[in-house]
Amino acid sequence: MKAELTEKFSALYGQEPKANYFTPGRVNLIGEHIDYNGGLVMPCAITLGTWLSIAPNDDQVIRFKSLNFPEEQEISLQDAYTKTGSEWYNYPLGVFNEILKKHKIPTGLDLLFYGNIPIGSGLSSSASIEVAMAYALNDFFDLGYEKIEIPLLAQKVENEFIGVNCGIMDQFAVAFGEEHKALMLNCDTLKHKSVDCNLGDYRLAIINTNKPRKLAESKYNERVAECQAALADLNKEIKLNNLCELNAEKFALHSQLITDETVLKRATHVIKENDRVHLAAKALNDGDLQEFGRLMYASHQSLKDLYEVTGKELDAVVEFCGDYEHVIGARMTGAGFGGCAIALLKKGQEEDFSKQLTDFYVSRIGYPASIYISEIGNGASAI
């Protein structure tokens with residue numbers, strides 16, 4: 001890919017790039033819809049991602065080009081920028097804007113992006129672009145940002161420049177990912193530790209349902225409100241900052257305080273899912289992929305029955321995986337209501353899995369899913 005990008009860069013800009021960078025996408029292996037409840041998530045970086053080639057120019061302009069999008073932007077080097085429209089280049093432009101608050105960029109830049117993360121799939125293409133830009137500028141100009149500051153900067157860009165109220169998980173995972181490692185992260189405190197995640201004879205299959213996620217934002221906000229209602233009920237008797245301060249055993253002693261059946265279901269998922277993250281970390285550290293796979297299926301069932309965020313498309317994928325002998329675990333990943341599922345698939349079965357799942361999914365849903373095979377890869381780096 002580096003050689004191909006160098007060739008494209010030279011054709012577009014009339015010079016070779018002076019540096020090249022890669023930032024991955026991410027999936028969350030387990031721990032869903034608990035980040036805003038003080039819980040733990042377990043994302044990993046994948047080997048799909050964003051490549052960025054960069055070279056200085058003498059024209060005092062920043063040129064944004066991508067091999068994925070026809071839109072280009074050439075903008076003069078200045079002290080601050082504002083978002084214009086919804087084009088892809090607003091993401092790296094926002095990073096420039098944030099960095100310029102503390103640093104002066106001494107030269108114009110020619111930039112070429114390429115990504116193989118499916119857009120809108122929930123695999124964090126936007127976080128990948130933001131972290132790629134921040135990492136590249138920090139490295140290229142030796143700006144002195146610590147590693148922990150890169151995802152925080154990228155999240156601030158997403159929140160304030162782009163206008164999306166996301167948490168830290170996506171940016172953190174794509175910056176801190178390690179090959180054959182998952183990342184157990186507390187999204188509130190940013191305390192984190194690596195978890196051994198050598199998949200051995202298995203690979204990560206990522207299945208994009210290709211369903212438009214129109215309901216995701218409104219339903220997401222609804223679930224947040226339901227969790228806040230559960231916390232308020234519990235706080236009538238015990239004092240909690242968030243739901244995940246309880247484990248399932250302690251929750252059982254106080255769950256009668258939640259009288260609304262729907263709110264009780266939401267809280268039950270949150271607390272048991274947080275417990276599953278702890279169990280998943282133990283299973284992975286023990287090299288017990290069968291147990292980890294069982295926990296993946298249990299997570300999906302809870303997201304289906306208790307949290308009600310899956311939908312027929314994601315359920316169809318996981319149903320197929322449950323009956324396919326070479327898959328040992330599968331679940332939805334991300335916010336739900338469409339987006340992606342993941343599965344642990346035995347090596348050598350990729351072609352057969354893709355064909356059989358496609359046939360099943362088309363017969364059940366009416367259109368094909370997209371299937372990607374990935375390893376667990378490294379975070380942002382120069383290449």
Side-chain angles (χ1 to χ4, degrees), residues 9 12-13 17-26 49-115 117 119-120 124-176 190 379-380 382:
F9 192 98
L12 287 167
Y13 289 122
K18 296 299 184 287
N20 298 278
Y21 301 90
F22 173 77
T23 300
R26 70 96 188 95
T50 302
W51 285 261
L52 169 58
S53 296
I54 182 171
N57 66 56
D58 297 324
D59 304 323
Q60 295 299 296
V61 296
I62 306 169
R63 298 187 180 101
F64 298 95
K65 296 186 180 184
S66 169
L67 299 181
N68 301 95
F69 303 100
E71 300 89 6
E72 301 177 359
Q73 177 66 288
E74 180 173 313
I75 192 165
S76 62
L77 199 57
Q78 54 199 56
D79 294 334
Y81 300 96
T82 55
K83 181 186 174 189
T84 55
S86 58
E87 287 81 7
W88 69 274
Y89 50 74
N90 282 288
Y91 292 94
L93 184 64
V95 174
F96 267 95
N97 182 67
E98 192 60 35
I99 283 177
L100 286 168
K101 293 176 182 178
K102 292 184 178 180
H103 301 275
K104 183 174 176 61
I105 301 299
T107 179
L109 289 171
D110 294 339
L111 304 166
L112 180 62
F113 291 82
Y114 168 71
I117 306 171
I119 305 302
S124 297
S125 57
S126 62
S128 184
I129 291 173
E130 291 158 354
V131 171
M133 190 75 265
Y135 188 96
L137 291 174
N138 186 49
D139 179 74
F140 196 74
F141 293 113
D142 194 21
L143 299 179
Y145 287 98
E146 298 290 335
K147 188 175 182 181
I148 188 67
E149 295 178 277
I150 297 293
L152 290 169
L153 185 152
Q155 183 200 16
K156 190 175 182 185
V157 170
E158 188 89 32
N159 294 166
E160 298 178 7
F161 192 88
I162 302 298
V164 175
N165 190 27
C166 69
I168 190 63
M169 179 180 74
D170 295 354
Q171 290 82 2
F172 205 93
V174 303
F176 277 80
L190 297 189

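In this text the structure is predicted, and so the values were computed from the model without any measurement.
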Value for CG (D142) from CG (L137), rounded to nearest 0.5 Å, stands at 12.5 Å

Tightest non-hydrogen contact, residues A127 and D170, listed as CB-CB, 3.8 Å

* To do: Measure the acute angle between the ring planes of F64 and F113, then classify it against the limits of 30° and 60° as parallel, tilted or perpendicular.
  => parallel

Backbone N or O of G115 within a donor-acceptor pair of the N68 side chain at under 3.5 Å?
yes

CD1 of I54 to CE of M133, rounded to nearest 0.5 Å, is 4.5 Å

N159 side chain vs K156 backbone, donor-acceptor pair below 3.5 Å: no

- Message: Do H103 and Y145 have side chains that approach each other closer than 4.5 Å (heavy atoms only, starting at C-beta)?
- Response: yes

d(F9 CZ, L112 CG) to nearest 0.5 Å is 6.5 Å

task: Decide yes or no on side chain to side chain contact (heavy atoms under 4.5 Å, CB included) for W51 and L67, but give the supporting numbers first.
output: CA-CA 10 Å; W51 285 261; L67 299 181; over 6 Å; no

**Study point:** Backbone N/O of I162 and side chain of K83: donor-acceptor pair under 3.5 Å
**Key:** yes

On a heavy-atom basis, the closest approach of Y91 and V157 is O-CG1, 4.0 Å

Working note: E149 + N138, criterion side chain to side chain contact (heavy atoms under 4.5 Å, CB included); need CA distance, chi angles, decisive distance, verdict. CA-CA 10 Å; E149 295 178 277; N138 186 49; over 6 Å; no

Distance col, row L190:CG vs M169:CE, nearest 0.5 angstrom, shows 13.0 Å

* Asked: Does any non-hydrogen side-chain atom of F141 lie less than 4.5 Å from one of T107?
  -> yes

CG of N90 to CD of E71, rounded to nearest 0.5 Å, is 10.5 Å

- [ ] Under the side chain to side chain contact (heavy atoms under 4.5 Å, CB included) rule, what do F96 and L109 come out as? Steps first, then yes or no, please.
- [x] CA-CA 11 Å; F96 267 95; L109 289 171; 3.6 Å; yes

Taken to the nearest 0.5 Å, the spacing of S53 OG from L111 CG works out to 9.5 Å

What one should report as the nearest heavy-atom pair of L153 and A134 is CD2-CB, 4.2 Å

Fit a plane to each ring of F172 and F176, take the angle between them on a 0 to 90° scale, and name the class: parallel (under 30°), tilted (30 to 60°) or perpendicular (over 60°).
parallel

Those residues at least two apart in sequence (or on a different chain) that pass ring pair (Phe, Tyr, Trp, His ring centres under 6.0 Å) with F140 are none

With sequence neighbours left out, the residues meeting salt bridge (Lys or Arg N to Asp or Glu O under 4.0 Å) with E74 are R63

(message) Can a donor-acceptor pair be found, under 3.5 Å and without considering hydrogens, that links the side chain of N57 to the backbone of D59?
(response) yes

* To do: Kindly say whether T50 contributes a backbone atom to a donor-acceptor pair with the side chain of T23 at under 3.5 angstrom?
  => no

Note: A154 and V131 closest approach over all heavy atoms is CB-CG2, 3.8 Å

Query raised in the report: Has K101 got more than 12 heavy atoms of other residues, nucleotides or ligands less than 6.0 Å from its NZ?
Result: yes

Heavy atoms of E72 and Y89 approach each other most closely as O-CE2, 3.8 Å

Closest heavy-atom pair, Q60 versus P106, reported as atoms and distance to 0.1 Å, is NE2-O, 4.2 Å

Please examine the side chains of Q73 and E87, heavy atoms only from C-beta on, and report whether any two atoms are closer than 4.5 Å. no

